[in-house]
Amino acid sequence: MKIGSQNKWIKLFIQIIFFIVLSIWFVYPLQKNGIIYFGDDMKYHVNRILELINNLRNGNVYPYIYTYTFDKIGYPLGIFYPWVTLLPFAFFSIVLKSTVNGIYAGFAFYTFLTLVFMYICVKKMNKSKFQANIAAIMYAFCAYRTIDAFSRFALGEFLAMVFLPLCLYGMYAILFGDKKDWPFLAFGMSFTLLSHVLSTFIFTLALLTIFLIFIWFVEDKINTIVSLLKAGILAISSSAIFLFPFIEQEMFQKFNPPSPMDITSTANYMDQIVQASLRNSVLRSTSGIAYGIGITLLMVIIVGIVFFERFDLTSKTIYLLGIISFVITSTIFPWNLFKNTPVSLIQFPMRILVLTSVFLSYSGSDIIELMLSSINSMTRKKLFKISMILLILIPWFSSISQFKKASQSNGEIYNGSLVENYNGSLKEYRYGIAWYLDQYTPKKSMPSYKEIENHLAIIDGKKEKITSIYSKPNELIYKNLKIKAGEKVDLPISIYKNLHVYQAGKELKLINSKRNTVAFRTNSNKSVVVKYVPSIIDRLGILLTSMAWIISLAAVIYKRVKYKARRGTVSCQSNT
């Protein structure tokens with residue numbers, strides 16, 4: 001092996017170790033106490049992870065309906081809420097034999113990917129390794145990403161932020177860069193969809209807006225549009241494992257929009273957002289308190305004004321996009337115009353801060369790179385680089401210390417009810433906010449929602465509470481039912497496409513139910529099994545995604561081998 005090649009691999013190894021250390025640092029201040037501090041959506045997402053753990057231990061990787069958690073009502077969360085990118089949390093929990101450590105390992109793993117993706121994307125925009133490092137660190141440790149991870153425990157949005165740099169770079173490459181990099185957009189959007197539907201919607205709106213604005217400045221419009229279409233086709237194929245079952249259920253019956261919000265009332269005043277940023281706060285939001293972007297990115301906005309003239313055209317555009325997206329999150333933007341439009345589905349304008357964070361992280365790296373270029377001494381350059389990294393990490397550590405102190409170790413009082421931190425129990429985590437079980441309950445079942453939640457069955461016209469429900473992957477077993485052969489039974493589980501009922505080893509025909517729940521006539525007095533059986537469409541989604549991943553991976557390996565072979569040939573020719 002040549003010396004140059006050895007040095008390359010050594011530098012790569014050091015870079016990876018550096019990112020691993022930073023990823024561990026992101027979780028260590030909280031992980032060392034052995035609990036997960038309470039976040040807004042913790043109950044919801046911890047139980048999603050527990051469901052996956054139970055399924056993996058029983059040899060299943062795709063829980064269409066949740067049967068171990070969420071009150072065992074056959075909740076179709078695996079169909080309506082993406083689960084693929086949640087698998088590492090469950091995997092680490094099993095390997096480490098600790099749900100707490102497994103969840104923190106998941107956070108560290110995705111922090112590592114965030115650093116890697118941001119670094120690669122900035123490097124591919126012809127920036128230096130130092131600038132790519134600064135952008136990656138600034139984004140991975142930005143206030144809003146920390147808020148998503150710990151304060152809100154908004155795992156879906158947190159995971160979507162991992163893939164946002166890929167989406168944005170992919171669009172940049174299609175418009176102005178190397179169009180061969182269109183797969184960045186495809187897989188960025190695909191894995192965003194496999195993480196969080198709402199973030200996919202937000203990213204799509206943002207990318208579509210960017211495309212419609214800048215396509216007019218592109219000379220080769222036809223190839224640009226072709227690249228975009230290829231990215232779209234691959235994105236759909238790669239996410240078909242979730243997308244196909246989701247669409248199948250949506251076409252089967254009507255559902256209410258999940259957690260509808262008045263977007264005009266959830267927007268914060270600009271002074272609230274700025275104050276939260278100045279306080280560098282990542283504390284959980286309460287009435288009158290907004291989430292911000294942190295002191296570091298707020299300083300990027302201010303200092304960026306001074307350096308704006310020295311930015312190149314791309315950097316100026318990204319800086320302006322950062323400011324525009326920041327302003328849009330506030331009441332300055334006329335959200336009332338979008339109140340009754342699909343845009344209102346985003347629920348909270350603050351979600352747009354994910355875009356602000358990535359744009360301003362890039363701009364921050366631009367500013368620091370320009371400052372570095374004015375220093376001549378190599379020693380001072382090194383000191384400056386270290387100082388800039390610390391300048392990013394120290395405010396982050398300060399904010400996480402505030403969060404930890406406010407949360408306390410044993411719980412806190414919030415809105416008059418006891419809120420507890422999570423200590424790793426494999427039982428349902430039942431503290432905190434509501435289950436949101438109504439979110440994916442069919443519209444026709446909503447009048448009977450409370451009966452479903454309380455496990456009230458209707459047996460031969462009489463309501464009876466079921467107490468013996470046993471779980472298997474995608475399967476609920478109802479035992480000790482007081483039933484006789486030929487009786488009509490209406491179980492407390494909403495009807496969904498692909499649900500089947502079995503008794504005494506035979507499948508029973510479903511009959512109409514006023515509650516839009518699983519109803520049938522018994523053939524004996526034995527236990528009843530309700531099972532989700534994947535349809536042809538479900539299996540086609542798995543097949544299409546598997547093919548997209550395998551073929552794409554094979555293409556990458558082939559191109560890499562071909563590239564090395566070509567370099568080897570050139571090297572041999574030059575030596576002769």
Side-chain angles (χ1 to χ4, degrees), residues 39-52 62-86 148 152-160 192-202 242-263 265-266 342-348 350-351 415 428-456 474 476 491-499 515-518 530 532:
D40 294 339
D41 292 339
M42 178 190 288
K43 177 182 178 184
Y44 192 75
H45 292 297
V46 164
N47 280 291
R48 289 179 65 213
I49 294 168
L50 292 178
E51 184 73 28
L52 283 173
Y62 199 149
Y64 291 91
I65 60 171
Y66 281 23
T67 55
Y68 293 91
T69 55
F70 289 91
D71 273 342
K72 296 184 178 181
I73 66 163
Y75 196 40
L77 205 54
I79 297 171
F80 290 97
Y81 206 120
W83 53 273
V84 172
T85 53
L86 207 64
D148 264 354
R152 296 182 62 218
F153 209 89
L155 271 192
E157 192 170 284
F158 168 82
L159 291 170
T192 298
L193 181 54
L194 294 175
S195 303
H196 195 221
V197 174
L198 207 51
S199 291
T200 306
F201 178 64
I202 293 171
F242 165 75
L243 195 58
F244 282 18
F246 175 84
I247 293 174
E248 182 183 36
Q249 295 295 335
E250 286 285 351
M251 293 179 68
F252 179 67
Q253 60 187 329
K254 292 183 179 180
F255 296 86
N256 290 321
S259 302
M261 297 282 184
D262 180 359
I263 200 167
S265 62
T266 56
V343 175
S344 64
L345 291 173
I346 72 171
Q347 299 172 328
F348 302 98
M350 69 177 183
R351 294 185 189 275
N415 285 344
E428 282 183 302
Y429 176 57
R430 303 191 62 84
Y431 297 97
I433 55 179
W435 279 112
Y436 303 122
L437 291 178
D438 59 319
Q439 284 192 344
Y440 306 115
T441 297
K443 217 170 188 178
K444 289 182 179 179
S445 301
M446 282 307 297
S448 305
Y449 159 65
K450 283 297 178 184
E451 291 183 359
I452 296 170
E453 187 181 28
N454 293 320
H455 300 293
L456 287 177
N474 292 313
L476 287 171
L491 293 177
I493 172 172
S494 296
I495 194 71
Y496 300 98
K497 191 172 179 60
N498 305 325
L499 281 186
R515 302 194 304 179
N516 194 46
T517 47
V518 172
V530 178
Y532 185 96

Parallel, tilted or perpendicular, as decided by the 30° and 60° cut-offs, for the rings of [Y] and [X]:
X    : Y    : value
Y62  : W83  : tilted
Y496 : F255 : parallel
Y75  : Y440 : tilted

Could you pull out the closest heavy-atom pair between [X] and [Y], with the gap in Å?
X    : Y    : value
I73  : L476 : C-CD1, 4.2 Å
P82  : S195 : CB-N, 3.6 Å
I79  : P245 : CG2-O, 3.6 Å
Q347 : L198 : OE1-CD2, 3.5 Å
H455 : K72  : CE1-O, 3.4 Å
T200 : L193 : OG1-CA, 3.1 Å

Where at least one partner belongs to residues 243-255, residue pairs that pass salt bridge (charged side-chain N to carboxylate O under 4.0 Å, His left out), sequence neighbours excluded: none
From CA spacing to verdict: side-chain contact (heavy atoms from CB on, under 4.5 Å), F153, F158: CA-CA 8 Å; F153 209 89; F158 168 82; over 6 Å; no
With rounding to the nearest 0.5 angstrom, report the [atom1] to [atom2] distance, [X] to [Y].
X    : Y    : atom1 : atom2 : answer
L159 : T85  : CG    : OG1   : 4.5 Å
L77  : N47  : CG    : CG    : 10.0 Å
Y449 : N256 : OH    : CG    : 12.0 Å
E453 : D71  : CD    : CG    : 6.0 Å
M42  : I49  : CE    : CD1   : 10.0 Å
F242 : F80  : CZ    : CZ    : 8.5 Å

Close side-chain approach of [X] to [Y], heavy-atom, < 4.5 Å:
X    : Y    : result
T517 : P492 : no
Y81  : Y44  : yes
L155 : D41  : no
P342 : F201 : yes
Q249 : N498 : yes

Has the side chain of [X] got a donor or acceptor atom that lies under 3.5 Å from a matching backbone atom of [Y]?
X    : Y    : value
R351 : I202 : no
N474 : Y64  : yes
S344 : I263 : no

Trace of the side-chain contact (heavy atoms from CB on, under 4.5 Å) decision for I495 with V518: CA-CA 5 Å; I495 194 71; V518 172; 4.0 Å; yes
Test side-chain contact (heavy atoms from CB on, under 4.5 Å) applied to S448 and N516, step by step: CA-CA 9 Å; S448 305; N516 194 46; over 6 Å; no
side-chain hydrogen bond (donor to acceptor under 3.5 Å, both in side chains) partners for S199, two or more places apart: H196
L499 and I65: CA distance, side-chain angles, deciding distance, side-chain contact (heavy atoms from CB on, under 4.5 Å) verdict: CA-CA 10 Å; L499 281 186; I65 60 171; 4.2 Å; yes
Ion pair E51/R48, N-O distance below 4.0 Å: no
